[in-house]
Amino acid sequence: MAEQPVRWGILGTGRIAGEFAAAMVHVKGAALVAVGSRTQAGAEAFGDRYKIEHRHGSYEALAADAHVDAIYISTPHVLHCANTLLCLKAGKHVLCEKPFAINAKQADLMIATAKKTKRFLMEAMWSRFLPAAAHVRELLKNETIGEPRMLQADFGFRTDFNPKGRLFDLKLGGGALLDVGVYPVSLSSMIFGAPDRVTADTHIGKSRADEQTAMILHHKKGQLAVLHTAVRTETTQEATIFGTHGWIRMNAPWWKCESLTLQLPGRPAQTIRTPIEGTGYNYQIDEVVRCLSEGKKQSGIMTLKESRSIMVTLDAIRKDIKLKYPMER
C-alpha cells in the first residue's frame, strides 16, 4: 500500500504563504489540506485561491486540526517562536520561515519543545535546498577551488519607508538584518560554520530599525565572510566564494540563482546551469517529506544546531550595532 501523503497546513496568509501554497503541486508525497489566518475571511479567501479544504479563522484552530500532520509558519519574525510552540505542543511537525526566531533564547525554547514533543522542526531557509546551493556544496566537498578562504555576499533592495510596515517596525522584528541579512549569514554558515568573531556597522533609520548593515565574520582558521544587507539600498545580490585555487560565483540574484560561474586558474570561466523547478519553495518541502518518511526529527542539510548557531551570530551582530527589539528589553 502506498504511503499516505504528508498533510500540510499553512499558518499565515501573506505573500510568502502564497508562494509556498503554489509550490505544493510540484511535491510528491505532500498535500495542502488546511490554512489558518487571524480571521475567517482571510482563511476563506486564501482557501479559495489555492483550493484548500479546511479553513480556520485562528492559528489555534489550525494547530488543533486532526487532518493536519505538518504546519508551515509564514507569520512575521516576532511570531515565529510562539507559533512554533503552539503547533509543536499540538503534535504537529513544523517548518518555520526564516529567520528561525528573534534571538537564540527563543531558538533554544523552540528546539527544546521539538525534542520534548518528539516532532520534526526545521527552519525554512529555502535557498539552502535549491539546486545551486546543492551544487556549491558538492564543489566545495570536492575541493574544486581548493580551500575556501573568503566569502563576499550581499542581499539588499530599496523599498518605500513605512514605519508601520514589517520591514521597519521594531515591534515586528523589522530591519534589514533579520529579513534579508539572514540569507548571507546563513550562506556563510553553510560554507565556514560559526564565526569566532563578529564586527558590524549599520545605518539606523527613522523607525530605529537597521536600514543597511555591513558585517565581517571571522573564523578560527582565518576565513572571512564580508557581508552586507539593506532594505533602502539596491545591491548586486551576488555571492562569490574565493578559494586557494579559484572561485565560485552564485550569479544574481544569488539566493535563488539558476547558474554558477566557476573560475579556475589558467582556464576560461565556466558557467554551470542550476535551473529551478517550480517556485523554488518545493525543494524544502521535499526535504521535510523525505525526513518524515525516514522517521527523522530534523534535517541534515539545515540542522537545528545550525539554525541556533545562525541566531547566535545574528545576536552578536545586533550587539555590535547596539540594536535591540522591544520584546527583549
Side-chain angles (χ1 to χ4, degrees), residues 6 8-12 16 20 30 63 68-130 133-134 136-137 173 177-179 181-196 198 217 219 225 255 281 283-318 328:
V6 177
W8 284 85
I10 295 180
L11 192 152
I16 294 176
F20 189 89
V68 174
D69 303 311
I71 293 178
Y72 167 64
I73 292 171
S74 63
T75 48
H77 317 328
V78 71
L79 298 176
H80 287 180
C81 180
N83 293 160
T84 294
L85 298 182
L86 171 70
C87 296
L88 290 173
K89 290 176 181 179
K92 304 299 190 278
H93 304 293
V94 173
L95 176 62
C96 180
E97 187 53 54
K98 58 79 197 163
F100 193 52
I102 286 292
N103 52 40
K105 183 178 179 180
Q106 288 188 352
D108 285 338
L109 183 57
M110 294 159 69
I111 292 168
T113 303
K115 292 179 178 178
K116 183 177 180 180
T117 58
K118 298 180 180 179
R119 298 292 94 181
F120 179 91
L121 175 62
M122 188 180 89
E123 179 183 7
M125 177 51 72
W126 69 295
S127 61
R128 179 69 65 96
F129 301 93
L130 296 179
V136 166
R137 290 193 294 272
L177 184 62
L178 288 195
D179 192 68
V182 65
Y183 281 90
V185 170
S186 183
L187 179 63
S188 177
S189 176
M190 184 185 87
I191 297 166
F192 298 128
D196 63 356
V198 170
L217 311 185
H219 296 77
W255 44 277
Y281 284 76
Y283 294 94
Q284 63 182 348
I285 306 172
D286 280 331
E287 174 68 3
V288 177
V289 171
R290 182 188 66 80
C291 288
L292 291 178
S293 71
E294 296 174 1
K296 296 180 178 179
K297 296 300 184 290
Q298 63 176 299
S299 164
I301 298 174
M302 190 78 246
T303 67
L304 294 175
K305 180 180 180 181
E306 187 180 3
S307 288
R308 182 192 184 276
S309 174
I310 291 166
M311 291 310 311
V312 169
T313 300
L314 292 169
D315 286 354
I317 293 167
R318 287 198 296 115
E328 296 178 306

Taking only distance into account, with no hydrogens and no angle test, what donor-acceptor pairs under 3.5 Å do side-chain atoms of residues 108-115 form with protein atoms, sequence neighbours excluded?
{"unit_1": "Asp108", "atom_1": "OD1", "unit_2": "Arg308", "atom_2": "NE", "d": "2.4"}
{"unit_1": "Asp108", "atom_1": "OD2", "unit_2": "Arg308", "atom_2": "NH2", "d": "3.4"}
{"unit_1": "Thr113", "atom_1": "OG1", "unit_2": "Leu109", "atom_2": "O", "d": "2.8"}

All side chain to side chain contact (heavy atoms under 4.5 Å, CB included) counterparts of Glu287, not counting sequence neighbours: Met122, Phe129, Arg290, Cys291, Ser299, Ile301
Cys87 side chain near Leu11 side chain, heavy-atom distance below 4.5 Å: yes
Flag, side chain of Ser188 to backbone of Gly193, donor-acceptor distance under 3.5 Å: no
Verdict with supporting geometry, Val288 and Val6, side-chain contact (heavy atoms from CB on, under 4.5 Å): CA-CA 9 Å; Val288 177; Val6 177; 5.8 Å; no
side-chain contact (heavy atoms from CB on, under 4.5 Å) evaluation trace for Gln284 with Glu123: CA-CA 9 Å; Gln284 63 182 348; Glu123 179 183 7; over 6 Å; no
Residues that Phe120 engages under ring-ring contact (aromatic ring centres under 6.0 Å, His included), provided they are two or more places apart: none
Atom pair CG (Leu178) and NE2 (His77), whose distance is rounded to the nearest 0.5 Å: 5.5 Å
Salt bridge (charged side-chain N to carboxylate O under 4.0 Å, His left out) partners for Asp69, two or more places apart: Arg7
Rounded distance (nearest 0.5 Å) linking atom CG of Asn83 with atom CD1 of Ile73: 5.0 Å
Please output the side-chain donor-acceptor pairs of residues 95-106 that fall under 3.5 Å, not counting sequence neighbours, one pair per line with the distance.
{"unit_1": "Glu97", "atom_1": "OE1", "unit_2": "Tyr72", "atom_2": "OH", "d": "2.4"}
{"unit_1": "Lys98", "atom_1": "NZ", "unit_2": "Asp179", "atom_2": "O", "d": "2.8"}
{"unit_1": "Asn103", "atom_1": "OD1", "unit_2": "Lys105", "atom_2": "N", "d": "3.3"}
{"unit_1": "Asn103", "atom_1": "OD1", "unit_2": "Gln106", "atom_2": "N", "d": "2.9"}
{"unit_1": "Asn103", "atom_1": "ND2", "unit_2": "Glu328", "atom_2": "OE2", "d": "2.8"}
{"unit_1": "Gln106", "atom_1": "OE1", "unit_2": "Ile102", "atom_2": "N", "d": "3.0"}

Closest heavy-atom pair and its distance - Gly12, Thr75: CA-CG2, 4.3 Å
Name of the residue among Val78, Leu85, Thr84 meeting side chain to side chain contact (heavy atoms under 4.5 Å, CB included) with Cys81: Leu85
side-chain contact (heavy atoms from CB on, under 4.5 Å) assessment of Ser74 paired with Phe20: CA-CA 9 Å; Ser74 63; Phe20 189 89; over 6 Å; no
Pairwise distance CZ(Arg128) to CE(Met302) - rounded to 0.5 angstrom: 4.0 Å
Minimal non-hydrogen separation, Gly9 against Val68, with atom names: N-CG1, 3.8 Å
From CA spacing to verdict: side-chain contact (heavy atoms from CB on, under 4.5 Å), Met190, Val136: CA-CA 10 Å; Met190 184 185 87; Val136 166; 4.1 Å; yes
Residues forming a ring-ring contact (aromatic ring centres under 6.0 Å, His included) with Tyr283, sequence neighbours excluded: none
Separation of Leu121 CG from Lys92 NZ (nearest 0.5 Å): 15.0 Å
N/O donor-acceptor pair under 3.5 Å between Arg119 side chain and Ala90 backbone: no
Distance (rounded to the nearest 0.5 Å) between Leu187 CG and Ser127 OG: 7.5 Å
Geometric class of the Trp126/Trp255 ring pair [parallel <30°, tilted 30-60°, perpendicular >60°]: perpendicular
Non-hydrogen atoms of His219 and Ala194 that approach each other most closely: CD2-O, 3.3 Å
